[in-house]
Amino acid sequence: MPRTIFREEHEIFRDSLRAFIEKEIKPHVDEWEEARNVPREIWKKLGAQGFLGFWLEEKYGGYNADFLYSVVFVETLGESGSTGLTMNIGVHNDIAVPYIHMLGNEEQKMKWLPGCCSGDIICALGITEPGAGSDVAAIRSTGRRDGDCYVINGQKTFITNGYNCDIVVLAVKTDTKAVPPHTGVSLIVVEKGTPGFEKGRKLEKMGCHASDTAELNFEDCRVPAANLLGGEGMGFVPIMRNFQQERLISAIGSMKSCDLMLDMTIEYAKTREAFGKPIIKFQHNLFKVVEMKTEIEMARSFTYNLIEDYVNGEDITLKVSMAKWFNAELANRVAYHCVQLHGGYGYMMEYGICRAYTDVRMGNIAAGTTEVLKNYIGKMMGL
Ligand SMILES: Cc1cc2nc3c(=O)[nH]c(=O)nc-3n(C[C@H](O)[C@H](O)[C@H](O)COP(=O)(O)OP(=O)(O)OC[C@H]3O[C@@H](n4cnc5c(N)ncnc54)[C@H](O)[C@@H]3O)c2cc1C
């Protein structure tokens, strides 16, 4: 396993997170899946141990951790077996909170970031709408300036942490007539409890059950103009820029899922017997495992090189799009073959591989579908 990019302090961080996972997460994974939720206490415990917003400056509650800590975090949390929790925390830590850090003024940062680090504030990112997902510029939610407020109207859907969030970084159109349309997109922080902001249905998903995914509704919701992040019309470019990190995190998560699925399948195939021998001894099955292992290691090399490039400040736009779609599709292929190798048990929810099969299905949809990324790559290739 290539670990050359990590230093000793990253491995210490990994070990302490592993100990936390053993004690505080693994015993509750099934319970949280059934409850379709993770309790708020786990956020507080993660915060108290320094596992939230650790990359932020100390004045905001973090400890200036470099991006490799985020990589270790995603990889290690992925080992917990709770993809739902991994998703909730991943969206908070690496996707939603960065907008406040990147675009917020000092007052906004001091208001929200310390709570994001302690676990007192759960953060969501609201971009997708019932009528606009891949095409971000087509969102229809509006934020109309009225005195010292924005009046927000619209609906969001598929929002991770939507049900439990305390704040949502919301994409709205502050200029519905802007040409081109994406120049009218702004980001505004909306706090829970603001009149006109209603959390809608908690959505029942195929997998990642412990993750809360919800609809959010806004009706004449008056939000202080001071909650605007950056300037009016300055939302779209940061969304596109943030996609780089989001997609890198997603590619790492898919890779980790591949490891877990293959490990549990190898263990199973070594002990499950048919026709008088372990099923791994049938050449077809052995070759299948070897093929998967080979593809995963190839993907890992590419992904780790990419992490290095990202840490070194290089432009990874093209390659991260490749890694994101490739790893997500690979995870789905691995899931398919691993279920097959488990036979009937692979179809039973009590087996980890069954849960993993449904969990990985979102990997090639959220954070840029495979098709949208291929379009993007084609464009960057000049095609
Ligand atoms: C579990 C989960 C969690 C999520 N969490 C969040 C969140 O926290 N915040 C948030 O804002 N959103 C979130 N999303 C939404 C996610 O980002 C969108 O689902 C995704 O961007 C796709 O948008 P869509 O669902 O509207 O699909 P559509 O854009 O309608 O696409 C439908 C199909 O058409 C294809 N397609 C679209 N455009 C093209 C094209 N140009 N060429 C070829 N094919 C195309 C797509 O690839 C897809 O196969 C989440 C989604 C899921 C499933």
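All values derive from a computational prediction rather than experimental measurement. We count ligands from 1, going down the list as the structure has it; atoms in each ligand are counted the same way. We're numbering straight along the sequence, starting at 1.
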Original post:
Side chain, backbone, both or neither: which part of Met87 comes within less than 4.0 Å of ligand 1 when only heavy atoms are counted?
Top reply: side chain

**OP:** Mind checking whether Leu125 contacts ligand 1 via backbone (N, CA, C, O), side chain (CB onward), both or neither, at a 4.0 Å heavy-atom cut-off?
**Re:** backbone

**OP:** State, without any angle test, whether Gln155 and Asn217 hold a side-chain donor-acceptor pair at a distance under 3.5 Å.
**Re:** yes

Subject >> Identity and separation of the nearest protein heavy atom to atom 31 (O) of ligand 1 >> reply: Ser134 OG, 3.9 Å

Original post:
Should you measure from each heavy atom of Glu371, which atoms of ligand 1 turn up under 4.0 Å away?
Top reply: 43 (C), 44 (N), 46 (C), 47 (O), 49 (O)

Original post:
Just checking, is any N or O donor in the side chain of Thr157 or Glu129 under 3.5 Å from an acceptor N or O on the other one?
Top reply: no

Original post:
Between Glu291 and His337, does any side-chain donor sit less than 3.5 Å from a side-chain acceptor?
Top reply: no

Original post:
Looking at atom 3 (C) of ligand 1, what's its closest protein heavy atom, distance included?
Top reply: Thr160 OG1, 3.4 Å

**OP:** List the closest protein heavy-atom neighbour of atom 52 (C) of ligand 1: residue, atom name, distance to the nearest 0.1 Å.
**Re:** Ala366 CB, 4.1 Å

Original post:
Right, does atom 29 (O) of ligand 1 have protein non-hydrogen atoms nearer than 4.0 Å?
Top reply: yes

Original post:
Is there any N or O on Val91 that sits under 3.5 Å from an N or O of ligand 1?
Top reply: no

Subject >> For ligand 1, the portion of Asn375 having any non-hydrogen atom under 4.0 Å away >> reply: side chain

Subject >> Within-cut-off N or O pair, Lys205 and ligand 1, under 3.5 Å >> reply: no

**OP:** Please determine if Glu9 and Arg7 form a salt bridge, counting it only when a charged side-chain N lies under 4.0 Å from a carboxylate O.
**Re:** yes

Subject >> Nearest neighbour in protein (non-hydrogen) for atom 12 (N) of ligand 1 >> reply: Thr128 OG1, 2.7 Å

**OP:** Could you verify whether a donor N or O on one side chain and an acceptor N or O on the other, from Lys205 and Thr213, lie under 3.5 Å apart?
**Re:** yes

Subject >> Distance from atom 36 (N) of ligand 1 to nearest protein heavy atom, with residue and atom >> reply: Val372 CG2, 4.5 Å

Original post:
Between the main-chain N or O of Glu308 and the side-chain N or O of Asn312, is there a donor-acceptor pair closer than 3.5 Å?
Top reply: yes

Original post:
Does atom CE of Met206 have more than 12 heavy-atom neighbours from other groups under 6.0 Å away?
Top reply: no

Original post:
Counting heavy atoms not belonging to Tyr163, are there more than 12 under 6.0 Å from its OH?
Top reply: no

Extract all donor-acceptor atom pairs below 3.5 Å that involve side chains of residues 185-196 and protein atoms in other chains or at least two apart in sequence.
from   : atom 1 : to     : atom 2 : distance (Å)
Ser186 : OG     : Thr174 : OG1    : 2.5
Ser186 : OG     : Gly233 : N      : 2.8
Glu191 : OE2    : Trp112 : NE1    : 3.1
Lys192 : NZ     : Asp166 : OD1    : 3.1
Thr194 : OG1    : Glu191 : O      : 2.5

Original post:
What do you think, any protein heavy atom under 4.0 angstrom from atom 9 (N) of ligand 1?
Top reply: yes

Original post:
Below 3.5 angstrom, do we get any N/O pair linking Asp135 and ligand 1?
Top reply: no

**OP:** For Ile365, counting its heavy atoms only, list the atoms of ligand 1 lying under 4.0 Å from any of them.
**Re:** 19 (O), 20 (C)

**OP:** Among all protein heavy atoms, pick out the one at the shortest distance from atom 7 (C) of ligand 1; state its residue, atom name and that distance to 0.1 Å.
**Re:** Phe158 O, 3.5 Å

**OP:** Within a distance under 4.0 Å of any heavy atom of Ile159, pick out the atoms of ligand 1 and give their elements.
**Re:** 7 (C), 8 (O), 9 (N), 10 (C), 11 (O)

Original post:
Going by the atom numbers of ligand 1, which of them fall below 4.0 Å from some non-hydrogen atom of Gly133?
Top reply: 21 (O), 23 (O), 24 (P), 26 (O)

Subject >> For Tyr99, all residues meeting ring pair (Phe, Tyr, Trp, His ring centres under 6.0 Å), sequence neighbours excluded >> reply: none

Original post:
Any chance the side chains of Asn88 and Thr160 put a donor and an acceptor closer than 3.5 Å?
Top reply: no

Subject >> Verify atom 20 (C) of ligand 1: protein non-hydrogen atom under 4.0 angstrom away >> reply: yes

Original post:
With distance as the sole criterion, is a donor-acceptor pair present between the side chains of Glu232 and Tyr150 under 3.5 Å?
Top reply: yes

Original post:
What protein heavy atom is closest to atom 46 (C) of ligand 1, reported as residue, atom name and distance in Å?
Top reply: Thr369 OG1, 3.5 Å

Original post:
For atom 33 (C) of ligand 1, is some protein heavy-atom partner under 4.0 Å away?
Top reply: no

Original post:
Within a reach of under 6.0 Å around OH of Tyr345, are more than 12 heavy atoms found that belong to other residues, nucleotides or ligands?
Top reply: no

